[in-house]
Amino acid sequence: MTDIALVTGATAGLGRAVATALAERGTHILVHGRDAERAAAVVDRIEKAGGTAQAYLADLSSLAQARDLADRVSADHGALRLLVNNAGVGAGRPPYRRRHLSADGHELRFAVNYLAPVLLARRLAPALRKGAPARIVNVGSVGQAPVDFADLRMDTHYSGSQAYFRSKFALAAFTFDLANELADDGVTVNCLHPASFMNTHMVREAMVPPMSTVGTGVKAVMNLAVRPPGGDATGRYFDGTSEARAHEGTYDPAIRSRLRAVTAELLAPFLADDGRIAAG
């Protein structure tokens, strides 16, 4: 049976490169993107190189669209071997003060970088269990900052970079929780900082000189997606290809418990219709 992988944000940068690298190994790629033309171009590129792929469109700033993406994937493919939660919104252009809310009224970075990956992972959990041994790779960042539970929308003292750091903190904490939940199901869950300031649109938009190649990031993601230690490790954080420590707050049981409760409340409308899905 051909392995099937969903790669979010696969129409540019790291996601496109990861999708291509996985396809070269014979994996059937579900190419997620927001733009039909760009997604079709990636599918065409993979197929011309001898691989197989299909496009799935969704704007992950909308939780309804994230839910529908997961449900379309589940309907089309009963078993999933790999989920790479790569899509994300960066800090934005300097001076990082322009705040945006998602379609559901959440701070945009928290919605796309955290809530959408959580929702996808939970709704795709049954398909990943069927595809076991399976893996979830959450693309995080070395930049992490504790979530302010009293101001999740960051209505005060907003900063795009701080919003980005908080979303990646939350993603790491979720990674550790979900790994515990799926420990007996043959599904590993890990988080990584792929590389510092890769030459991507996100970095260029922030007007930061690139320090790393996209290829360096691909190597780090592939290390968890298809090779050991990704096959054996779970509930871990990696800096590149080396295991590391995330922000210490992500290991705090009290913080994780509060984040679970808040997240469950925010996602409840998008999880309640399927009793098979772990809700935290």
Side-chain angles (χ1 to χ4, degrees), residues 7-9 14-15 18 60 66 82-91 106-122 124-125 128 135-149 152 154 159-183 187-198 202 212 217 220-225 229-230 232-264 266-267 278 280:
V7 182
T8 68
L14 178 64
V18 167
L60 297 186
L82 172 66
L83 167 62
V84 181
N85 277 316
N86 164 76
V89 179
H106 305 300
E107 191 281 319
L108 183 64
R109 287 155 184 83
F110 192 74
V112 176
N113 299 352
Y114 172 63
L115 291 177
V118 173
L119 181 56
L120 287 174
R122 292 210 175 281
L124 289 170
L128 287 159
R135 307 182 189 191
I136 298 174
V137 178
N138 292 324
V139 178
S141 172
V142 71
Q144 301 164 23
V147 172
D148 181 354
F149 292 105
L152 284 177
M154 298 186 70
S159 161
S161 55
Q162 188 70 7
Y164 177 81
F165 297 155
R166 291 182 185 185
S167 70
K168 295 302 185 180
F169 175 100
L171 185 63
F174 168 70
T175 296
F176 306 147
D177 275 346
L178 189 62
N180 290 334
E181 293 176 31
L182 300 179
V187 182
T188 64
V189 191
N190 293 291
C191 182
L192 83 157
H193 168 69
S196 294
F197 300 119
M198 291 177 290
M202 184 183 294
S212 305
V221 174
M222 295 293 283
N223 182 58
L224 293 178
D232 302 319
T234 191
R236 312 286 179 83
Y237 169 76
F238 285 75
D239 186 345
T241 58
S242 300
E243 188 172 341
R245 291 283 290 182
H247 189 290
E248 288 304 314
T250 64
Y251 302 100
D252 186 311
I255 292 175
R256 293 235 298 262
S257 176
R258 190 167 184 186
L259 182 63
R260 278 196 306 274
V262 167
T263 305
L266 295 177
L267 295 183

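Values below: all heavy atoms of this structure, side chains included; hydrogens, waters and symmetry mates excluded.
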Practice task
Work out which heavy atom in Ala121 is nearest to a heavy atom in Leu83; give both atom names and the distance.
Solution key: CA-CD2, 3.9 Å

Exercise for the section: In plain terms, say whether Glu181 and Arg260 are close enough for a salt bridge, that is, a side-chain N and a carboxylate O under 4.0 Å apart. Expected result: no

Handout entry: pair Val221-Leu192: side-chain heavy atoms closer than 4.5 Å
Key = yes

Exercise for the section: Report yes or no: is the cationic atom of Arg245 (NZ for Lys, CZ for Arg) under 6.0 Å from the centre of the six-membered ring of Tyr251, at an angle within 45° of the ring normal? Expected result: yes

Practice task
To the nearest 0.5 angstrom, please state how far the CZ atom of Arg166 sits from the CG atom of Asn113.
Solution key: 14.0 Å

Exercise for the section: Locate the shortest heavy-atom distance separating Ile255 from Gly249; write the atom from each residue and the value. Expected result: CD1-O, 3.7 Å

Problem - Side-chain donor-acceptor contact under 3.5 Å, Asn138 with Thr175 - result: yes

Handout entry: Side-chain touch Phe149/Val147, heavy atoms, less than 4.5 angstrom
Key = yes

Handout entry: Asn86 vs Leu14 side-chain heavy atoms within contact, under 4.5 Å
Key = yes

Handout entry: side-chain contact (heavy atoms from CB on, under 4.5 Å) assessment of Arg256 paired with Asn180
Key = CA-CA 12 Å; Arg256 293 235 298 262; Asn180 290 334; 3.8 Å; yes

Handout entry: Rounded distance [0.5 Å steps], OG1 in Thr8 versus CG in Leu60
Key = 6.0 Å

Exercise for the section: Working to the nearest 0.5 Å, report the span between CZ of Phe238 and CD of Glu243. Expected result: 5.0 Å

Practice task
Would you mind reporting whether Ile136 and Asn85 have side-chain heavy atoms less than 4.5 Å apart?
Solution key: yes

Problem - Test item: side-chain donor near acceptor, Thr250 and Tyr237, under 3.5 Å - result: no

Exercise for the section: Quick one: closest heavy-atom pair of Leu266 and His106, and the distance? Expected result: CD2-CE1, 3.6 Å

Problem - Heavy-atom pair of closest approach, residues Leu120 and Ala66 - result: CD2-O, 3.3 Å

Handout entry: Side-chain donor/acceptor of His193 to backbone N/O of Val142, under 3.5 Å
Key = yes

Completion exercise
The side chain to side chain contact (heavy atoms under 4.5 Å, CB included) partner of Val187 among Leu124, Leu128, Leu178, Thr234 is Leu128

Completion exercise
Separation between CZ (Arg109) and CE (Met154), nearest 0.5 Å, reads 9.5 Å

Handout entry: Spacing of CZ belonging to Phe165 relative to NE2 belonging to His247, to within rounding of 0.5 Å
Key = 11.0 Å

Exercise for the section: Check Val89 against Tyr164 and note the closest heavy-atom contact, atom names and distance. Expected result: O-CD1, 3.2 Å

Fill in the blank from the handout: Here the gap from Cys191 atom SG to Phe174 atom CZ, rounded to the nearest 0.5 Å, amounts to 10.5 Å

Practice task
Work out which heavy atom in Leu82 is nearest to a heavy atom in Ala225; give both atom names and the distance.
Solution key: CD2-CB, 3.8 Å

